[in-house]
Chemist: 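Structure in structure tokens, see below.
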Amino acid sequence: MTKYISIQEAMDKGKGKVSVRGWIHRERGSNKLKFITLRDSSNVIQCVFERVEFEKRWEEIDHLQVETSIMIQGEIKEDKRAPTGYEIHVDDFEVVGKSENYPIGKDLSVEFLADNRHLWLRSRKMIAILKIRSTVFAAIDEYFKGEGFYEYHSPIFQSVQCEGGSTLFQVPYFGKKGVFLGQTWQLYAEPAIFALEKIYTISPSFRAEKSKTSRHLTEYWHAEMEIAWADFDEIIDYGERLIKHVVKKVLEKHKEDLEILGRDIEKLKPSIKKPFVRMTYTEALKILEKKCDMKVKWGKDLRTIEEEKLTLLYDVPIIVTHYPKKVKAFYMTEDPENPDVVQGADFLAPEGYGEIVGGSHREHDLEKIKKRLIDDGEDPAEYEFYLDTRRYGSVPHGGFGMGVERLIAWICKLDTIKDAIPFPRTMERYKP
Ligand code: 4AD
Ligand code: MG
């Protein structure tokens, strides 16, 4: 039986007979020669067929089209002119699955590619992103496990909101109302710190975002942590170390993939080496006014454009803390020195990417939480299970959530978050 190796393994071997299999990425030919670029998950390689050796099968070879799956035996050798520096001289081949008139050719408009997302996944760009995505997920796991966190899971069907009612997806549930897709694991994670103390998850989150921006999905993957006995600074420190770890892993493993994406990796290095910039919301407003000529009224949330301008001033993420209480969620701890602001933080990624992490210390005062729920138009009775966390042995605690696609979009310098996930879901698109 023939032993097939990956294209990368064949190139590492560098000479002699090899058997490889994959899909035809490109093809061109003349009367005498046919060149194909063969692609598998590991790389691409140029393969050449000579007519003199295949006179009887030339018709078949001449008609080989893009995305045909094929198995090839041949002789590999270095060839400086070939796209990846090697070429296989084909001795024998077998077509496995025909492909005729592959739809993705010249029309690369955004809409067309979105309609054909199931095929566009095979593009070199998407392959590079999907590989990096896989490493990002693994690195998040590795980081938290290494810090002694337990993996823990909240339900996706939830009966309460956490991040504002306006972005809740209500789902029909056996004729009952008041069931929503989770926006975050948080309210079901806090009860578990009394059992496990340090927990994390990577799970889908859902937001009915009506905004058509380059950074909002309706379904995204959310890496979240919650920790008992921690103060605000410790929580932020975990976030900074997590991001450093993930970026480092991607740089170690994906130089070539980042190159395919045209990513300047020098721009990522400071985030591994240097401490992140930390500033309060109030300081951020001063900097925006002084350096960006943007005046934001104290008490207003930072908009995308302001976040963007702020991040362009630094080469590492910025951690903005102590936002006004009224722009942040009901569960954030009031600052002991100034009850108008909360111990909440947003991490803003460089190069204009903006918020990738949101986190906070959690308010422990039962009455304050109830009051803020009421101020938000919520019925505290629905939150009884959550309020019990403050009734029975409450401890200082907190956590954060990181939008995994937001992180990937920044690491890969993507134009839109939609390319950070295989099948993006937005207000306008839920197909294919
Ligand atoms: O800032 P958010 O809303 O915070 C929470 O959900 C907290 N409960 C997390 C926690 O403390 N456990 O969301 C956290 C992160 C944001 O910083 C952003 O990166 C991402 O989730 N995010 C989105 N990503 C893609 N599309 C959307 N529509 C997103 N909304 C939030
Ligand atoms: Mg947020």
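Since this is a predicted model, take the numbers as computed values, not measurements.
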Chemist: Thinking salt bridges, do K80 and E78 make one under a 4.0 Å N-O criterion?
Modeler: yes

Chemist: Taking the basic N atoms (NZ, or NE/NH1/NH2) and the acidic carboxylate oxygens, is any pair closer than 4.0 Å for E351 and R263?
Modeler: yes

Chemist: Does E306 pair with K300 as a salt bridge, N-O distance under 4.0 Å?
Modeler: no

Chemist: Does the pair D115/R429 count as a salt bridge with the N-to-O cut at 4.0 Å?
Modeler: yes

Chemist: Give a yes-or-no answer on whether the side chains of S360 and R362 include a donor-acceptor pair shorter than 3.5 Å.
Modeler: yes

Chemist: Quick one: do E405 and L217 satisfy side chain to side chain contact (heavy atoms under 4.5 Å, CB included)? Show the steps, please.
Modeler: CA-CA 9 Å; E405 286 78 17; L217 297 165; 3.9 Å; yes

Chemist: Can you tell me how far NZ of K249 sits from OG1 of T135, rounded to the nearest 0.5 angstrom?
Modeler: 9.5 Å

Chemist: Can a donor-acceptor pair be found between the side chains of Y383 and E378 at a distance below 3.5 Å?
Modeler: yes

Chemist: Are a donor atom and an acceptor atom from the side chains of Y220 and R207 found within less than 3.5 Å of each other?
Modeler: yes

Chemist: Does a side chain donor of either D91 or Q73 reach within less than 3.5 Å of an acceptor in the other side chain?
Modeler: no

Chemist: Side chains of Y102 and Q65: any donor to acceptor distance under 3.5 Å?
Modeler: no

Chemist: Could you check whether H322 and T280, counting side-chain N and O atoms only, form a donor-acceptor pair closer than 3.5 Å?
Modeler: no

Chemist: Any donor-acceptor pair under 3.5 Å linking the side chain of R406 with the backbone of E355?
Modeler: yes

Chemist: Any Lys/Arg nitrogen of K248 or E252 sitting under 4.0 Å from an Asp/Glu carboxylate oxygen of the other?
Modeler: yes

Chemist: Quick one: do K413 and D264 make a salt bridge, cutoff under 4.0 Å?
Modeler: no

Chemist: With a distance cut-off below 6.0 Å to the six-membered ring centre and an angular limit of 45° from the axis, does R241 pair with Y238 as a cation-pi contact?
Modeler: yes

Chemist: Quick check on the 6.0 Å ring-centre criterion: do Y353 and F347 meet it?
Modeler: no

Chemist: Examine the side chains of D141 and Y200 and answer whether a donor and an acceptor come within less than 3.5 Å of each other.
Modeler: yes

Chemist: Apply side chain to side chain contact (heavy atoms under 4.5 Å, CB included) to Y430 and F423, showing your working.
Modeler: CA-CA 8 Å; Y430 50 92; F423 288 93; over 6 Å; no

Chemist: Between E142 and K145, does any NZ, NE, NH1 or NH2 come within less than 4.0 Å of an OD or OE carboxylate oxygen?
Modeler: no

Chemist: Are a donor atom and an acceptor atom from the side chains of E151 and T201 found within less than 3.5 Å of each other?
Modeler: no

Chemist: Side chain to side chain contact (heavy atoms under 4.5 Å, CB included) between L261 and D257: does it pass, once the steps are laid out?
Modeler: CA-CA 6 Å; L261 298 171; D257 293 311; 5.5 Å; no

Chemist: Just to verify, which of F385, F157, Y386 counts as forming a ring-ring contact (aromatic ring centres under 6.0 Å, His included) with Y188?
Modeler: F385

Chemist: Would you call E9 and K3 a salt bridge, taking side-chain N to carboxylate O under 4.0 Å as the test?
Modeler: no

Chemist: Tell me whether the centres of the aromatic rings in F49 and W58 are closer together than 6.0 Å.
Modeler: no

Chemist: Mind running side chain to side chain contact (heavy atoms under 4.5 Å, CB included) on Y150 and K198 for me, showing each step along the way?
Modeler: CA-CA 6 Å; Y150 291 101; K198 297 167 81 175; 5.7 Å; no

Chemist: Would you say T184 and E224 are linked by a side-chain donor-acceptor pair, where the criterion is simply a distance under 3.5 Å?
Modeler: yes

Chemist: Going by side chain to side chain contact (heavy atoms under 4.5 Å, CB included), I287 matches just one of K309, M294, M279. Which one?
Modeler: M279

Chemist: Examine the side chains of H222 and S205 and answer whether a donor and an acceptor come within less than 3.5 Å of each other.
Modeler: yes

Chemist: Are the charged groups of R122 and E67 less than 4.0 angstrom apart, N to O?
Modeler: yes

